[in-house]
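Notes follow once the structure below has been shown.
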2 protein chains.
Amino acid sequence: MARTKAFDEDRAIDAAVDCFWTHGYEATSVRDLAQAMGIGGASLYNAYGDKRELFVLSLERYANRSMRERIARIEMRYPPRQAIAAFLGEIISRSANDPDCKGCLLVNSALDVASRDAGLGKAVASYLNEIRAFFGRSLEAGRRTGEIAGTIDSNVMSAHLLGVVLAVRVLARTGAKRSLLESVARPALDLIERPAKTRRPRKRSKIVN
Amino acid sequence: MARTKAFDEDRAIDAAVDCFWTHGYEATSVRDLAQAMGIGGASLYNAYGDKRELFVLSLERYANRSMRERIARIEMRYPPRQAIAAFLGEIISRSANDPDCKGCLLVNSALDVASRDAGLGKAVASYLNEIRAFFGRSLEAGRRTGEIAGTIDSNVMSAHLLGVVLAVRVLARTGAKRSLLESVARPALDLIERPAKTRRPRKRSKIVN
DNA sequence: GTTATTCTGTAGCAGATGTTCCAGAATCGT
DNA sequence: ACGATTCTGGAACATCTGCTACAGAATAAC
């Protein structure tokens, strides 16, 4: 027994994600948001309560549609070691073909807003930890199948791989070339290749796109 | 034949650095700056011209007093491979004992402002490249002295090491624990240890503080 | 001491910020 | 058709933004 909303909430959130992603939290005004979402300011406050609450929703939406989707898709499609390479390769490709230098919303937020808002900081850290957990799972699975050397500590290496992701996304935001991004990742990929017991020609893992 | 400035320009710039460092470019207002610097708004504009110009000066000041000082000091004091370990160790220590989660002004700026201002973006990228150059020099020198394996490509590895620095500083800003930061760096440090030609017990390089 | 020049505090500008208020429009159950 | 309830556009709020105008204070050369 009430008037129905005249806008698609999902599309609206996607527009909000895009705003925050491109310009950051502080530099995105509520009016920018409302215009991009195609609604008035009153509707925004009625539907989402607050700029900050809308940002929290946007983070969650981004995590679901971008990060978690990627992890699930890759984890399903590739065996463990290739999954790691595919993940890094995809991040690098995304970052290299990123004319607006948007980078990753989660990483951007980590530096932009997480330090000033403890709650958001915890949320961001938790999202980043999901990436680390993916690497951890893949490393353990790879060790079981023998794709990955048993000498590798998956707790340590998963943190290192998360670090590679962060570094790539930071450099991408400064407009770095693809070759630099690949150099950042290359040694980490080499590390998780099964080291030959007997000397044989080093085969470099192709970065999957 | 004119009135002298009533404030210490160096101290004032340091205060500005601190503001930008803690709160970022956008979230630091000219009034915040003026108050922290202990001067009036008019003096600020008279002496530095602009908020953006003051930021450029602050970046340079920070680079000189923090990054370049560290590089010069470490490069002078340690042999190549230890210099790399010492640099990473110092970054980690700084980041672990950073109650305000300030991180690194250059890295913060890379995400905060570099994407919206091409000029600042180039400046930040250039500063970051100085870190990479330091790693490159150290790797080459280490190869000459035999501390570092000749199989290591210093162009690739220097980018990777820069990546570790970036990752540590990003994670530090989200309040990560020291153990996580050390995990991020550990595999990179292991990589630049001279690999034994004959099997012998792996010795881990201590992270120099 | 005069004078030219530079500095400094205060006040103010126009515009943007996050948020709220309110009258009216649209919907649903009855 | 009615009433209760929810949504919507626009105007308005107080505050903040970067920046400037201006009058006066402090200096250094003469």
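Quick note on labels: first sequence line is chain A, next is B, and so on, each numbered from 1.
- Each of A/Y45 and B/G38 lies near DNA chain C, and the nucleotide nearest B/G38 is the one positioned closer to the 5' end.
- In this structure, B/K5 places its NZ atom 13 Å from C1' of D/dT27, rounding to the nearest Å.
- Taking atom CG of A/N46 as the reference point, atom C1' of C/dG24 lies 15 Å away to the nearest angstrom.
- Of the residues near DNA chain C, B/T4 and B/G41, the one whose nearest nucleotide (by heavy atom distance) lies more toward the 5' end is B/T4.
- With a 6.0 Å cutoff to the six-membered ring centre and a 45° limit on the axis angle, B/K51 counts as a cation-pi contact of B/Y25.
- Look at B/D98 and B/R173 and you find no salt bridge, because none of the NZ, NE, NH1 or NH2 atoms lies under 4.0 Å from a carboxylate O.
- Put simply, CG on A/L44 is 14 Å from P on C/dT17, counting in whole angstrom units.
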>> If you apply the rule ring-ring contact (aromatic ring centres under 6.0 Å, His included), what do you find for A/F87 with A/F135, and how did you get there?
In response: CA-CA 9 Å; A/F87 189 96; A/F135 286 131; 5.4 Å; yes
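- Taking 4.0 Å as the cut-off between side-chain N and carboxylate O, A/R137 and A/E140 do not count as a salt-bridged pair.
- Atom OH of A/Y48 is separated from atom P of D/dC7 by 11 Å (rounded to the nearest Å).
- Taking only side-chain atoms of B/D50, from C-beta outward, the nucleotide of C/dT8, D/dC19, C/dG18 with the closest atom is D/dC19.
- The existence of a salt bridge linking B/D117 and B/R52 is confirmed by a sub-4.0 Å separation between a basic side-chain nitrogen and an acidic carboxylate oxygen.
- Rounded to whole Å, atom C1' of D/dC16 lies 15 Å from atom CD of B/Q35.
- If you measure from atom CZ of B/F7 to atom C1' of C/dG9, you get 14 Å, rounded to the nearest angstrom.
- Regarding A/R3, its CZ atom lies at a distance of 17 Å from the P atom of C/dG29, rounded to whole Å.
- Atom CG in A/L54 sits about 11 Å away from atom P in C/dG18, given to the nearest Å.
- Summarising the geometry, atom CG belonging to A/L105 is positioned 6.0 Å from atom OH belonging to A/Y62; distances are rounded to the nearest 0.5 Å.
- Of the candidates C/dG9, C/dC7, D/dC7, C/dG9 carries the atom nearest the B/A42 side chain, counting heavy atoms from C-beta on.
- A donor-acceptor pair shorter than 3.5 Å can be found between the side chains of A/R178 and A/S93.
- Among the atoms of the strands shown, only primed sugar atoms or phosphate atoms (P, OP1, OP2) are found under 4.0 Å from some heavy atom of B/A6.
- Heavy-atom distances under 4.0 Å link DNA chain C to A/T28, A/S29, A/V30, A/R31 of residues 23-33 of chain A, given in residue order.
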